[in-house]
Amino acid sequence: MFKTIFSRLMITTLITISLSFLAAGVLLYGFLVEYAISEKEKTLRHYAERIIEMEKYLVRNNNLINREIFKLNVEAYGEDSSSIIFIIDNSGEIMLVSLPQLRHLEGERIEPQLVESLREGKEIKIEGNLGNLLNETFLILGYPIKYNGRIIGSVILNTPLPELQRLSWEVYSLFLKAVGISAVIAVIFIYLMSRRISHPLRDIGRVARQIAGGNFKARVRTISNDEIGELGRTFNYMAEALNNLEQVRKNFIANVSHELRTPLTSVAGFVEGMMDGTIPADKQQHYLSIVKQEVVRLTKLVNDILDLAKVESGEAAINPRVFNISELIKKSTVKFENQVSSKNINLKIGLEDEDQPVLADPDAIERVITNLLDNAVKFTPEGGIINITAYRKDQSVYIRVEDNGEGIDKDDLPYIWERFFKTDKSRSKDKTGTGLGLAIVKNIVQRHNQNIWVESELNRGSVFIFTLEAYDGS
């Protein structure tokens with residue numbers, strides 16, 4: 001019963017509401033009883049004051065007619081106030097009873113303690129039955145009658161407590177009816193709200209199972225703008241990322257398969273040709289050199305895959321230290337002297353400062369510069385120009401590698417950092433590249449918490465720019 005969020009929300013909320021109504025009901029009932037007694041006491045005090053005034057008048061004008069009028073008024077006051085009124089003397093003897101059915105109590109005496117309190121001029125308020133003179137529990141109010149500075153008697157008004165409780169219960173019953181209606185509305189509202197909360201969560205669970213089963217296109221149907229809706233949108237974002245990751249994985253496998261299959265096919269074909277005599281002995285040396293080139297390419301591909309995996313997993317540790325980036329740039333360009341000379345490329349180095357210290361991993365940054373220069377040399381035509389510059393701006397050093405080669409189509413720009421991506425889809429122009437260089441470059445720069453980007457226009461050349469943290473010696 002309590003295994004689902006829906007049932008827990010329903011039960012918890014219902015229990016909370018029930019306890020709240022119960023507490024409110026108890027407090028309200030107690031308040032109503034107190035209020036009824038207070039209002040009744042005000043009413044009885046009013047009648048008592050009128051009786052006391054009449055008693056004083058009767059003392060001054062004691063005759064048969066006035067006594068009869070006094071008696072009739074006391075009876076009327078008792079009926080109007082739903083109470084039994086006793087007029088007693090100082091000895092506690094009942095002189096007059098407002099209710100004709102209880103006239104037999106006239107001449108009886110009430111409890112001495114009450115009489116003593118009234119004789120001392122104190123008002124009394126108790127619950128009881130006047131020493132069994134009455135057959136049920138009453139709210140008893142007593143007021144002394146003073147005349148010329150002395151106590152000449154008392155008036156006692158007795159109201160049945162069940163009557164007060166009945167009035168309270170009538171009001172309380174209205175409260176219970178209101179509670180009942182509110183409870184029905186609350187249950188409907190809680191049910192709808194619980195469904196609104198639990199349904200998206202069940203939908204998320206359903207989609208999670210589909211994704212776990214390999215359906216990365218499943219999505220949560222989110223319609224609300226609350227935290228549940230935000231959870232659904234975040235889940236969809238995660239699902240989209242997983243879908244993209246799965247696509248990358250498939251592309252990676254396909255690209256690796258292609259990159260491995262092509263040279264392996266060539267190697268196997270040449271070896272088989274030499275073994276079965278298809279390739280004559282005088283040409284075997286030529287084809288062996290091709291086989292060697294393919295093996296070198298395979299070795300480079302495997303090494304690049306391993307390096308990329310290490311960089312992305314964090315196994316290739318970044319060990320920052322202070323070094324001169326200008327010196328590293330000069331050192332990196334020396335490696336390309338033969339390629340630059342063979343293509344008659346004009347390689348220019350522009351350094352703002354010959355001694356520009358930065359905080360980074362020199363080996364990793366050397367690989368970044370080498371990869372960018374390698375790409376620039378490959379795609380710069382005969383007699384082209386390559387510029388590599390370094391300059392400082394604020395707290396960063398900017399390194400630019402610019403060429404006037406064939407450039408990159410704007411549709412390809414967002415994808416050049418992906419594994420195995422090549423702008424030449426046929427791979428005819430760059431047989432030696434693996435398509436992993438820029439992916440490795442971006443990961444290295446990002447692991448330094450720096451930025452790298454490219455600006456390029458087709459047939460106008462490209463410029464790759466990355467930043468490093470400048471070192472000020474502090």
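The chain is numbered in sequence order, starting from 1.
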>> Please check: side-chain N/O of S456 versus main-chain N/O of V463, any donor-acceptor pairing under 3.5 Å?
In response: no

>> Ignoring hydrogens and geometry beyond distance, is a side-chain donor-acceptor pair present between T467 and Q450 at under 3.5 Å?
In response: yes

> CD1/I369 to OG1/T333 distance, rounded to the nearest 0.5 angstrom?
Replying inline: 9.5 Å

>> For E49, is the CD atom crowded, meaning more than 12 foreign heavy atoms sit under 6.0 Å from it?
In response: yes

> Any donor and acceptor pair, going by atom type alone, linking the side chain of N324 with main-chain N or O of S326 inside 3.5 Å?
Replying inline: yes

>> Heavy-atom count check: over 12 atoms from other residues, nucleotides or ligands less than 6.0 Å from E327 CD?
In response: no

> salt bridge (Lys or Arg N to Asp or Glu O under 4.0 Å) between R367 and D363: does it pass, once the steps are laid out?
Replying inline: CA-CA 6 Å; R367 180 158 194 178; D363 294 331; over 6 Å; no

> So, H448 side chain and I444 main chain: donor-acceptor pair closer than 3.5 Å or not?
Replying inline: yes

>> For E41 and L141: C-alpha separation, side-chain torsions, deciding distance, then whether side chain to side chain contact (heavy atoms under 4.5 Å, CB included) applies.
In response: CA-CA 8 Å; E41 183 178 350; L141 300 176; 3.8 Å; yes

Output a table of donor-acceptor pairs, distance under 3.5 Å, between side-chain atoms of residues 204-213 and any protein atom two or more places apart or on a different chain; print 'none' if there are none.
from, atom 1, to, atom 2, distance (Å)
R206, NE, D203, OD1, 3.1
R206, NH2, D203, OD1, 2.2
Q210, OE1, N215, ND2, 3.4

> Where is the tightest heavy-atom contact between F323 and D361, given as atom of each residue plus distance?
Replying inline: CE2-C, 4.2 Å

>> Could you go through I126 and L114, starting from their C-alpha distance and side-chain angles, then the distance that decides it, and tell me whether this counts as side chain to side chain contact (heavy atoms under 4.5 Å, CB included)?
In response: CA-CA 10 Å; I126 61 171; L114 298 181; 3.7 Å; yes

>> Is any side-chain heavy atom of Y471 closer than 4.5 Å to one of V397?
In response: no

>> Using the rule given for side chain to side chain contact (heavy atoms under 4.5 Å, CB included), can you reason through L372 versus F466, listing the C-alpha separation, both sets of side-chain angles and the distance that settles it, and then say yes or no?
In response: CA-CA 10 Å; L372 294 179; F466 69 94; 3.9 Å; yes

> Can you tell me how far CG of L130 sits from OG1 of T137, rounded to the nearest 0.5 angstrom?
Replying inline: 11.0 Å

>> Heavy-atom count check: over 12 atoms from other residues, nucleotides or ligands less than 6.0 Å from K335 NZ?
In response: yes

> Does the side chain of N404 reach to within under 4.5 Å of the side chain of T380, using non-hydrogen atoms?
Replying inline: yes

> Given the rule in the side chain to side chain contact (heavy atoms under 4.5 Å, CB included) test, do V441 and F464 qualify, once you have shown the distances and angles that lead to the verdict?
Replying inline: CA-CA 11 Å; V441 164; F464 285 83; over 6 Å; no

>> Check whether S342 reaches the backbone of Q339 with its side chain - one donor and one acceptor, N or O, closer than 3.5 Å.
In response: yes

> Hey, what do you get for CD1 (I408) to OG (S462), rounding to the nearest 0.5 Å?
Replying inline: 4.0 Å

> Are side-chain heavy atoms of K217 and N243 found at a separation under 4.5 Å?
Replying inline: yes

> So do the side chains of L157 and T159 get within less than 4.5 Å of each other, counting heavy atoms only?
Replying inline: no

>> Please find the pair of heavy atoms, one from Y143 and one from A48, that lie closest to each other, and give the distance.
In response: CD1-CB, 3.4 Å

>> Which residue in the set I325, I399, T370 passes side-chain contact (heavy atoms from CB on, under 4.5 Å) when paired with I365?
In response: I325

>> Please report the interatomic distance CD1(I345) to CD(E382), rounded to the nearest 0.5 Å.
In response: 7.5 Å

> Can you name the closest pair of heavy atoms from A360 and L468 and give their distance?
Replying inline: CB-CD2, 4.2 Å

>> Is it the case that the side chain of N236 and the backbone of R219 share a donor-acceptor pair, with hydrogens and angles ignored and the cut-off at 3.5 Å?
In response: no

> When the ring planes of W453 and Y398 are compared, do they come out parallel, tilted or perpendicular, using 30° and 60° as the limits?
Replying inline: perpendicular

Indicate every side-chain donor-acceptor pair of residues 267-281 with a distance under 3.5 Å to a residue at least two apart or in another chain.
from, atom 1, to, atom 2, distance (Å)
D276, OD1, T278, N, 2.9
D276, OD1, T278, OG1, 2.7
D276, OD2, T278, OG1, 3.4

> Would a 4.5 Å heavy-atom cut-off, applied to side chains only, mark P381 and E406 as touching?
Replying inline: no

> So with a 6.0 Å cut-off around CD of E120, is the heavy-atom count from everything else above 12?
Replying inline: yes

>> Measuring only between side-chain heavy atoms, which start at C-beta, is E402 closer than 4.5 Å to I385?
In response: no

>> Ignoring hydrogens, what is the shortest heavy-atom contact between A218 and A239? Give both atom names and the distance.
In response: O-CB, 4.1 Å

> Do side-chain atoms of D403 reach the backbone of A376 as a donor and acceptor pair under 3.5 angstrom?
Replying inline: no

Sequence neighbours excluded and cut-off under 3.5 Å, please list the side-chain donor-acceptor pairs for residues 348-359, or say none.
from, atom 1, to, atom 2, distance (Å)
E352, OE1, R392, N, 2.8
D353, OD1, D355, N, 2.9
E354, OE1, K330, NZ, 2.4

